[in-house]
Undergrad: 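Provided herewith is a single structure, encoded as structure tokens, for subsequent inquiry.
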Amino acid sequence: MIAKSQAQTPDTSTANQHKGGDCADDCCVSPCDPPWQTGEQCMVWYEQKFFRVPIVNRDGVATVDFARGLFIEFRITYEHRLCLIGKQHGPLAYTVTLLPGEKVNLYHSDRYRQVTSSEQRFSVQTTFMQYFSAVHQARVTNTTDSLKESLSNIKGSTSVSVGGGLAGLLGGPSGSTSLQVNVTDHNLLQVASVSDQFNQSVQQSSQLTHAERSTVVSTFEDKETADITVRSIQNDNACRAVTYFVRKIVEVYTFSTRVSEIVYRIVAPNVPQDWHTLDDVGWLPPQVQAEIKATVALLPKVGQVVEQKRPISLPTDGLVYDPELAHCCSCEPQREAAIALQLEKQGVELEMLRIELERRRKLIEQGILTPFETSLQAAA
């Protein structure tokens with residue numbers, strides 16, 4: 001009977017675990033949400049460059065015939081970081097001065113609205129990424145002649161041919177992404193040289209983005225353009241003019257480059273084409289180990305960082321209005337005198353109110369809680 005009752009008693013341990021009763025892990029029922037990353041906000045790219053050195057034969061002579069596939073190939077991975085540090089005022093788009101009581105309508109005409117259709121309008125980040133992909137590919141492949149054609153077609157399609165180790169720049173768009181950047185001089189592998197080349201592409205792409213995202217602000221309405229934002233501003237000051245400075249809002253970024261990884265492989269007949277870390281050299285002949293160590297001394301060190309001194313700005317789609325009050329009065333002498341008298345009268349009334357408030361506080365401190373007079377004349 002005992003054995004039978006034990007067999008019929010359900011095992012609730014598994015059920016309790018599924019319900020979370022005896023489960024120490026909060027994510028045992030369902031996966032937990034990934035946490036938000038804290039700290040700096042950065043866009044990160046990884047760029048790879050390849051460097052080949054000949055394999056020394058038994059007689060100590062270098063085999064420089066790369067066509068036969070006898071060499072050591074190094075792959076250096078660089079991490080480029082574009083980190084947001086804040087926002088600031090950008091270029092001045094328009095300036096207008098309003099006299100007292102004056103009102104004006106300002107019409108905003110965005111360039112990218114006029115030159116692109118509604119299906120081809122992208123965010124600022126997408127525009128910057130597309131420009132940067134085309135510019136950097138042309139730079140590393142030395143094909144700047146075709147850059148103009150790439151830029152002219154870049155807004156019509158997202159099928160950008162990405163090269164220079166930037167295959168994941170736009171989420172893997174269609175196009176040629178099998179480009180391998182081979183470097184013949186080890187000086188071109190130094191992190192400062194790679195960072196300067198990459199930074200030039202970022203700066204040029206930033207300028208192209210600024211040019212495309214330019215905004216025209218004027219008091220004239222363009223009848224041929226439907227996508228126009230209208231804003232009305234009015235100067236409610238009695239005797240002072242107000243100047244509005246209309247500026248673009250830009251985001252400011254810092255740029256840095258770090259050597260992320262260095263690996264090697266032996267390209268020779270009957271040798272696996274696997275990549276190895278620099279510490280994994282025990283399986284190689286002494287001559288090849290010596291050649292690898294000598295070459296590593298010429299390469300940059302893993303973890304080496306170079307920070308560019310000049311910040312990079314990217315435009316936003318917003319404008320800010322900065323009003324500035326005129327330092328001198330814009331009214332006639334008689335009107336200015338009347339306003340001065342009115343201000344003086346208001347100052348006297350404010351002083352009377354302050355004195356009455358102080359009197360009532362003293363009455364409360366003395367314990368007199370009788371109703372107060374409702375007018376200043378009665379209190380006087």
Side-chain angles (χ1 to χ4, degrees), residues 34 36-49 76-91 112 121-141 144 147 150-151 154-155 158 160-173 175 177 179 181 188-214 247-262 300-318:
W36 286 95
Q37 292 187 357
T38 58
E40 57 187 9
Q41 302 178 8
C42 301
M43 292 183 288
V44 182
W45 296 274
Y46 291 93
E47 183 179 17
Q48 295 180 346
K49 292 183 179 295
I76 301 93
T77 304
Y78 302 89
E79 180 186 81
H80 304 286
R81 301 176 68 87
L82 197 64
C83 298
L84 177 65
I85 60 176
K87 299 182 292 292
Q88 68 178 18
H89 288 174
Y112 81 101
R121 295 175 188 170
F122 308 124
S123 65
V124 175
Q125 296 294 339
T126 304
T127 302
F128 169 73
M129 293 293 186
Q130 287 183 322
Y131 278 136
F132 175 73
S133 175
V135 169
H136 193 67
Q137 180 183 1
R139 187 180 302 278
V140 299
T141 57
T144 55
L147 179 59
S150 299
L151 294 179
I154 198 171
K155 295 300 295 181
T158 58
V160 182
S161 178
V162 184
L166 302 174
L169 185 61
L170 296 178
T177 60
L179 179 64
V181 181
L188 300 178
L189 296 174
Q190 299 303 318
V191 62
S193 176
V194 176
S195 181
D196 290 341
Q197 185 185 46
F198 203 89
N199 184 58
Q200 290 177 9
S201 300
V202 174
Q203 292 282 4
Q204 186 175 358
S205 304
S206 172
Q207 295 175 1
L208 291 171
T209 307
H210 274 283
E212 179 180 325
R213 292 288 169 161
S214 60
R247 297 180 179 273
K248 289 282 285 186
I249 302 175
V250 299
E251 294 181 338
V252 183
Y253 294 82
T254 59
F255 180 76
S256 63
T257 301
R258 183 180 70 91
V259 181
S260 176
E261 182 188 40
I262 299 179
K301 307 301 180 182
V302 176
Q304 184 178 356
V305 179
V306 169
E307 296 182 358
Q308 298 292 334
K309 297 181 180 180
R310 297 180 179 88
I312 300 170
S313 64
L314 287 181
T316 64
D317 291 332

Undergrad: For Ser260 and Glu79, work out which heavy atoms get closest and say how close.
TA: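 In this case the closest contact between Ser260 and Glu79 is CB-CB, 4.2 Å.
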Undergrad: Nearest 0.5 Å please: distance from the NE2 atom of His89 over to the CD1 atom of Ile249.
TA: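 His89 atom NE2 to Ile249 atom CD1 measures 7.0 Å (nearest 0.5 Å).
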Undergrad: Please answer whether the main-chain N or O of Ser313 pairs with a side-chain N or O of His210 as donor and acceptor at a distance below 3.5 Å.
TA: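 Yes, the answer is positive, given that a donor and an acceptor are paired below the 3.5 Å cut-off.
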Undergrad: As a quick check of understanding, evaluate side-chain contact (heavy atoms from CB on, under 4.5 Å) for His80 and Val194, giving each step before the final call.
TA: CA-CA 10 Å; His80 304 286; Val194 176; 3.9 Å; yes
Undergrad: Can you confirm whether Thr257 sits close enough to Trp45 that some side-chain heavy atom of one is under 4.5 Å from a side-chain heavy atom of the other?
TA: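 A side-chain contact under 4.5 Å is absent here.
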Undergrad: Taking atom types as modelled, is there a side-chain donor on Arg139 or Gln204 under 3.5 Å from an acceptor on the other?
TA: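 Present: a donor and an acceptor within the cut-off.
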Undergrad: Roughly how far, to the nearest 0.5 Å, is the CD atom of Gln125 from the CG atom of Leu314?
TA: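 Taking CG in Leu314 and CD in Gln125, the distance rounds to 6.0 Å.
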Undergrad: Just how far is it from atom OG1 of Thr316 to atom NZ of Lys248, taken to the nearest 0.5 Å?
TA: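 One gets 5.5 Å once the value is rounded to the nearest 0.5 Å.
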Undergrad: Could you report the tightest heavy-atom contact between Pro300 and Leu189, atom names first, then the distance?
TA: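 Distance-wise, the nearest heavy atoms are CG-O, 3.3 Å.
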Undergrad: One pair to check against side-chain contact (heavy atoms from CB on, under 4.5 Å): Asp196 and Gln308. What are the steps and the verdict?
TA: CA-CA 8 Å; Asp196 290 341; Gln308 298 292 334; 3.1 Å; yes
Undergrad: Picking from Tyr78, Phe255, Tyr46, what satisfies ring pair (Phe, Tyr, Trp, His ring centres under 6.0 Å) with Phe198?
TA: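 Of the listed options, the one satisfying the test is Phe255.
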Undergrad: Are Tyr253 and Ile85 packed together at the side-chain level, in the sense that at least one heavy-atom pair is separated by less than 4.5 angstrom?
TA: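 No; the side chains remain at least 4.5 Å from each other.
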Undergrad: Could you measure the distance from the SG atom of Cys42 to the CG atom of Leu84? Nearest 0.5 Å is fine.
TA: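 One finds 8.5 Å between SG of Cys42 and CG of Leu84.
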Undergrad: Of all heavy-atom pairs between Pro91 and Val250, which one has the smallest distance, and what is that distance?
TA: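 For Pro91 and Val250, the tightest heavy-atom pair comes out as CD-CG1, 4.3 Å.
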Undergrad: Given the rule in the side-chain contact (heavy atoms from CB on, under 4.5 Å) test, do Glu251 and Val124 qualify, once you have shown the distances and angles that lead to the verdict?
TA: CA-CA 11 Å; Glu251 294 181 338; Val124 175; over 6 Å; no
Undergrad: Ser214 side chain to Ala211 main-chain N or O, any donor-acceptor pair under 3.5 Å?
TA: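 Checked: pair present.
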Undergrad: Looking only at heavy atoms, what is the nearest atom pair of Arg213 and Pro315, with distance?
TA: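 Minimum heavy-atom contact is CB-CG, 4.1 Å.
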Undergrad: Output, in order, the C-alpha distance, side-chain angles, deciding distance and verdict of side-chain contact (heavy atoms from CB on, under 4.5 Å) for Gln203 and Ile312.
TA: CA-CA 7 Å; Gln203 292 282 4; Ile312 300 170; 3.5 Å; yes
Undergrad: Would the number of heavy atoms belonging to other residues, nucleotides or ligands and lying under 6.0 Å from CD of Gln200 be above 12?
TA: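 Result for CD/Gln200: enclosed.
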Undergrad: Is there side-chain contact between Glu307 and Thr254, with heavy atoms separated by less than 4.5 Å?
TA: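 No, their side chains stay 4.5 Å or more apart.
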Undergrad: Output the distance between atom CD (Gln130) and atom OG1 (Thr126), rounded to the nearest 0.5 Å.
TA: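 Rounded to the nearest 0.5 Å, the CD-OG1 separation comes to 6.5 Å.
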Undergrad: Shortest non-hydrogen contact from Phe128 to Ser205?
TA: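 So the minimum-distance heavy-atom pair works out to CE1-CB, 3.8 Å.
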